[in-house]
Every structure is written in structure tokens, then in C-alpha cells.
Amino acid sequence: MENMDNMDFEAMLEQQTDTLTELLENRKMRELKAALEEMNEYDVAEFLAELEENTIPMVFRLLSKEMAADVFANFDAPEQELIINSITDSELGAIIEDLYLDDAVDMMEELPSNVVKRVMRTATPETRNLINLYLKFPENSAGSIMTAEFVDLKKYMNVREAIARIRRIGEDKETIYTCFVVSADRKLEGVISVKDLLLHDDDTVIEEIMDTNVVFAMTHDDQEEVAEKISDYDLMAIPVTDKEGRLVGIVTVDDVIDVMEQEATEDFEIMAAMTPSDKPYSRTGAAEMWKLRVPWLMFLMLSATFTSMILNSFEDALAVQTVLIGFIPMLMGTGGNSGAQSSTAVIRSLSIGDTEPSDILSVVWKELRVSMLCGATLSAINFVKMLLVDRSLLGNPEVTVIVAATVSMSVLFIVMFAKVVGSTLPILAEKIGVDPAVMANPLISTITDAVSLLIYLEIAKVFLHI
């Protein structure tokens with residue numbers, strides 16, 4: 001690829017894609033193969049995914065055996081299924097054997113059962129047994145995302161022997177930068193980096209320089225907890241042990257990035273009142289989206305019945321002071337926004353481990369103080385706004401000082417209620433084992449809408465004697 005010295009990365013990729021497309025259109029397959037082999041496997045997968053379906057297998061066959069497996073691992077499930085259905089059993093078996101085990105397991109979880117059966121049939125017995133073992137771990141657990149491709153050393157080895165072992169077995173391992181020291185019965189005893197090995201004399205024994213204070217996870221730990229450990233301790237990989245302390249796999253930082261993206265997407269969907277989906281938006285059909293969205297919409301719609309009931313019960317009072325009706329949307333919106341601010345902050349704090357359920361009293365106390373400050377500020381501004389704008393500029397004589405005081409006082413108490421509820425519900429959800437994201441904006445707004453009306457109309461009864 002030429003003339004790329006002064007380009008940014010995106011421009012370089014765009015020109016690269018144009019060049020590849022031109023080679024493909026002109027059927028210059030030898031040059032296309034050479035160009036693809038020089039590229040990063042992720043970029044090759046992205047290029048192939050943009051081609052017509054009938055063209056993808058043809059171009060994929062140009063790749064070398066090693067490159068093909070790496071590109072295949074970067075495909076989404078639809079492209080993987082397309083490739084599997086277009087190659088022979090021997091070609092498929094070669095790809096499966098070259099895949100890292102965690103990538104193979106991820107693929108099995110996403111492909112249709114008939115395709116999975118064919119994949120398992122072409123895999124070697126050893127690979128098949130390992131895949132079956134990993135598929136038995138609970139979904140979203142450390143065991144389900146770990147890989148068995150790691151470098152293990154013995155504490156009695158010296159540096160020379162350790163480096164020789166890394167050279168001998170490292171090519172097929174997912175990472176060689178962090179090595180794990182195990183006993184004869186596979187118990188985890190320590191960890192050592194390649195950097196440590198390179199900086200010590202050849203005759204230095206591993207036991208003398210290994211770190212025995214190992215941060216580890218267990219197979220049934222939640223994947224979010226594993227991601228937090230890798231982030232907190234700045235690890236490249238974390239060892240995963242069984243109940244007896246035997247090393248069974250590792251979780252690498254690239255797996256954690258996928259976990260964080262998956263968990264963030266799931267939280268966004270829940271917070272937007274949608275059932276989480278395993279598929280990206282572009283690959284989810286309209287009917288499937290309907291199934292994911294309509295239950296929440298139905299629940300929230302029916303929940304709003306309480307708001308209608310409250311309005312109906314105060315119908316006579318509102319008929320006396322019709323001016324109050326015009327401020328209902330503003331009050332309900334302020335309550336919903338206030339609750340959403342608190343719930344979003346607390347949900348985020350819970351997700352990164354900054355707040356625990358045991359902190360509920362300190363959280364409520366903080367939000368109560370914040371709500372009083374916010375509520376008092378909004379109340380004062382609203383009072384001035386109603387007298388200057390609604391009464392004077394818009395010429396509405398029904399907006400009296402007492403009406404402005406009623407609405408402004410309502411703002412204060414509504415904000416206080418919304419922020420306390422918005423901060424409390426996510427913590428209570430975490431405490432009972434429910435995803436705190438469930439207690440997000442739509443649900444908080446539904447609750448605060450109903451209670452905001454009650455607060456408003458009860459204060460109006462006291463101030464205006466209606």
C-alpha cells in the first residue's frame with residue numbers, strides 16, 4: 001500500500017479497502033492474497049464482512065491456514081456460519097484446531113445447533129472434550145470466558161529452562177508475557193513475567209523471583225468481578241482456579257474488554273426499558289425487537305394508570321383551580337429528571353465497585369443534602385419565573401403569589417423525594433440480587449410521576465384550600 005505516510009489511520013484503512021476492492025474486481029487474486037496476508041486479521045475480517053455473501057468464501061479461501069483461523073475468530077456469528085457452510089470438513093477441522101479455545105467456545109454459544117454439531121464432529125477428541133467442559137460453566141462466569149492456552153512453569157526451573165520452555169510451547173498460547181508457576185498437581189503457586197525472566201541471570205531459580213501474592217479468580221466467579229480485578233490490578237491476564245486451587249485457565253485482557261462492552265450494552269438496554277439482546281442492533285429483526293421492547297412498554301404504560309387515578313381523585317379540586325393543571329407536566333418532568341440523575345450516578349457507582357449496598361445510609365444522606373440544595377434552587381427560580389413570565393409577561397392573572405408559592409414548594413419536595421428514591425432503589429436491587437440497571441430512568445420516572453402528583457395536589461390543598 002502506497003502514499004500512506006501522511007494519512008491518519010482511518011484514511012489509511014479507507015485507501016487500503018479501495019485497493020483491495022479494485023484488486024478483487026479486476027480478479028488479481030495473487031496480488032489480493034499477498035495484500036491480505038500483510039494486513040491485521042481484524043482488518044481482513046472487516047473487509048470480508050462488507051463483501052457480497054457469495055464472494056466472502058472465495059476470498060477467505062485465499063488466506064493461509066494461520067491467517068484464516070485468526071480472521072475466522074474475528075468474524076461475527078453470521079459470517080462464521082457462512083464460512084462453515086462453504087468449506088470442507090477437513091478445512092473446518094484445521095480452523096477449529098488453530099482457534100484459541102475461548103474463541104471456539106464463544107463461537108459455539110452463538111451458532112445454530114446444526115452448525116455446532118458439524119463443528120464438534122470435525123474437531124479432534126481432545127478439543128471436543130475441552131469445548132464441552134467449558135460450555136458446562138455457568139453463563140457469564142470466569143470459566144465460560146477463560147482459555148486453556150497459557151504458559152505454565154515449575155518453581156524449580158531456572159531462567160534458562162523457563163525461557164526454553166516458553167520458546168517451545170509459546171507459539172500456540174494466547175499470551176506468553178505472563179507465565180504461571182504450578183506444582184506437580186497443578187496447584188497455582190506463583191506468577192512471573194517474561195520481563196522478570198529477561199532481567200535475571202540464566203541460573204536464577206524461578207522460586208526466588210516469582211510473585212507468590214497472586215491475584216486470581218475461580219471458575220464460578222462472575223465475569224464482571226473478573227473484569228474489575230484485571231482493571232484494579234492492571235493485569236494482562238488473571239489465572240482461574242477450581243475449588244481445589246488447581247489452575248484450569250486464564251482470562252486475558254482482550255476477553256475483559258469484550259465483557260465490559262457486553263455488560264455496558266446490557267445495562268444501557270435495561271436502563272432504556274428493553275430486554276437485553278445478544279445480537280447487535282444491525283442484526284436484530286423488527287419482530288425480535290418487538291418482543292424485547294413491548295413487555296417493558298406494556299408494564300410502564302399500565303403503571304401510569306396510577307397517575308390517571310390520582311388525577312381523577314383530585315378532579316373537583318383542579319376544576320376550582322384550573323391554572324394548576326398547566327404546571328403538572330413541568331413538575332412530573334422535574335421529578336423524573338431528578339430521579340434519573342441520582343439513579344444513574346448510583347448505578348454507575350455500584351457497577352465499578354465504588355459503592356456497596358451497605359453504604360445505603362451514607363448514600364441517602366448525601367442525596368438528601370444534594371436534593372435540598374437542588375430543590376431550593378429550582379424552587380426559587382421557578383417562583384421568580386412564574387411571577388415575571390407567567391403573570392407579568394404572559395398576562396395570566398390566575399398565577400398569583402400563592403399559586404407560585406404552591407408550585408415552587410412542590411418543586412422542592414418533589415426533587416427531594418425523587419433523588420432519595422432514585423438513589424435507594426438501585427441499591428436495594430443490588431442487595432436482593434437484581435441488576436441495579438432495572439431501577440433506571442423509565443421505572444424511576446413512573447414512580448416519581450405518580451408521587452409528584454400526590455405531593456403537588458396535597459400541597460395545593462393546604463395552600464389554596466381547595
Side-chain angles (χ1 to χ4, degrees), residues 1-2 4 9-10 12-128 130-131 134 147-149 170-174 254-255 258 279-280 282-283:
M1 305 292 170
E2 36 194 66
M4 293 186 178
F9 186 69
E10 294 300 324
M12 181 185 74
L13 285 180
E14 187 175 343
Q15 180 168 324
Q16 193 176 55
T17 300
D18 292 341
T19 302
L20 294 173
T21 303
E22 184 179 343
L23 291 174
L24 179 60
E25 290 174 350
N26 294 328
R27 297 293 174 182
K28 296 181 178 180
M29 296 305 179
R30 184 175 299 176
E31 295 177 36
L32 177 61
K33 173 182 170 67
L36 291 173
E37 291 291 335
E38 293 178 2
M39 293 169 57
N40 181 277
E41 56 268 15
Y42 174 81
D43 294 331
V44 176
E46 288 290 292
F47 170 70
L48 291 179
E50 295 299 320
L51 301 177
E52 296 291 333
E53 281 195 5
N54 59 345
T55 307
I56 294 176
M58 177 187 71
V59 178
F60 182 81
R61 285 178 177 274
L62 295 175
L63 304 175
S64 64
K65 177 185 171 185
E66 293 76 15
M67 173 66 88
D70 291 336
V71 171
F72 185 86
N74 281 281
F75 277 143
D76 290 330
E79 285 79 27
Q80 288 181 335
E81 183 178 355
L82 177 66
I83 293 299
I84 289 172
N85 291 332
S86 65
I87 59 180
T88 65
D89 284 354
S90 60
E91 290 172 322
L92 177 58
I95 289 176
I96 298 304
E97 294 308 312
D98 281 342
L99 282 177
Y100 289 123
L101 187 59
D102 56 337
D103 291 329
V105 172
D106 290 342
M107 176 186 71
M108 298 297 186
E109 292 176 335
E110 295 182 11
L111 291 176
S113 58
N114 62 315
V115 179
V116 169
K117 288 178 182 176
R118 184 183 171 212
V119 171
M120 295 295 275
R121 190 174 66 245
T122 58
T124 63
E126 181 183 1
T127 300
R128 189 160 54 243
L130 282 173
I131 290 174
Y134 278 49
T147 180
E149 285 96 358
E171 184 177 356
D172 297 325
K173 305 305 178 184
E174 184 149 342
D254 59 315
D255 299 318
D258 293 337
K279 296 181 181 178
S282 59
R283 299 187 188 280

Chemist: Would you indicate whether the side-chain heavy atoms of L92 and I96 approach each other to under 4.5 Å?
Modeler: yes
Chemist: Output the distance between atom CZ (R128) and atom CD1 (I131), rounded to the nearest 0.5 Å.
Modeler: 9.0 Å
Chemist: Kindly give the heavy-atom pair with the smallest separation between N74 and A45, and that separation in Å.
Modeler: CB-CB, 3.7 Å
Chemist: I'd like to check E46 versus L13 (side-chain heavy atoms, cut-off strictly below 4.5 Å). Are they in contact?
Modeler: no
Chemist: In the structure I gave you, are the side-chain heavy atoms of F60 and I95 within less than 4.5 Å of one another anywhere?
Modeler: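 A side-chain contact under 4.5 Å exists here.
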Chemist: Mind checking the CD1-CE spacing from I84 to M107? Nearest 0.5 Å is all I need.
Modeler: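 Answer rounded to 0.5 Å: 5.0 Å.
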Chemist: Which atoms form the tightest heavy-atom contact between I83 and P57, and what is the distance?
Modeler: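 Heavy atoms of I83 and P57 come nearest at CD1-CA, 4.0 Å.
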Chemist: Is there a side-chain contact between F47 and D43 (heavy atoms, below 4.5 Å)?
Modeler: no
Chemist: Are the side chains of L20 and V59 in touch, meaning some heavy atoms are under 4.5 Å apart?
Modeler: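 A side-chain contact is absent here, since even the closest heavy-atom pair is not under 4.5 Å.
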Chemist: Nearest heavy-atom pair of E174 and D255: which atoms, and what distance?
Modeler: OE2-OD2, 4.0 Å
Chemist: With sequence neighbours excluded, give me every salt bridge (Lys or Arg N to Asp or Glu O under 4.0 Å) pair touching residues 95-108.
Modeler: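 Output for this query is empty, none listed.
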Chemist: How long is the gap from CZ on R30 to CG on L62, to the nearest 0.5 Å?
Modeler: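 R30 CZ to L62 CG: 11.5 Å, rounded to 0.5 Å.
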Chemist: Check whether any side-chain heavy atom of L51 sits under 4.5 Å from a side-chain heavy atom of M58, and report yes or no.
Modeler: no
Chemist: Can you tell if the side chain of I87 reaches within under 4.5 Å of the side chain of R61, non-hydrogen atoms only?
Modeler: yes
Chemist: When rounded to the nearest 0.5 angstrom, what is the spacing between CD in E37 and CG in L32?
Modeler: 10.0 Å
Chemist: For the residue pair Y134 and T147, what are the closest heavy atoms and their distance?
Modeler: OH-C, 3.6 Å
Chemist: Could you give the distance from OG1 (T55) to CD (E25), rounded to the nearest 0.5 Å?
Modeler: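 That separation rounds to 10.5 Å.
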Chemist: Does Y100 use its side chain to pair, donor to acceptor, with the backbone of A73 at less than 3.5 Å?
Modeler: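 Answer holds: no.
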Chemist: Are E126 and T124 linked by a side-chain donor-acceptor pair shorter than 3.5 Å?
Modeler: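 No, T124 and E126 have no side-chain donor paired with an acceptor closer than 3.5 Å.
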Chemist: Kindly write out the residues that satisfy side-chain contact (heavy atoms from CB on, under 4.5 Å) with T88, not counting sequence neighbours, or none if the list is empty.
Modeler: S90, E91
Chemist: Heavy-atom distance under 4.5 Å between the side chains of D172 and E149, does that happen here?
Modeler: no
Chemist: To the nearest 0.5 Å, what is the distance between CG on L23 and NZ on K33?
Modeler: 14.0 Å
Chemist: Is the side chain of N40 donor-acceptor paired with the backbone N or O of Y42 at a distance under 3.5 Å, no angle test?
Modeler: yes
Chemist: Using modelled atom types and a 3.5 Å cut-off, is there a donor and acceptor pairing between side-chain atoms of Q80 and backbone atoms of F72?
Modeler: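 Checking the backbone N and O of F72 against the side chain of Q80, a donor-acceptor pair under 3.5 Å is found.
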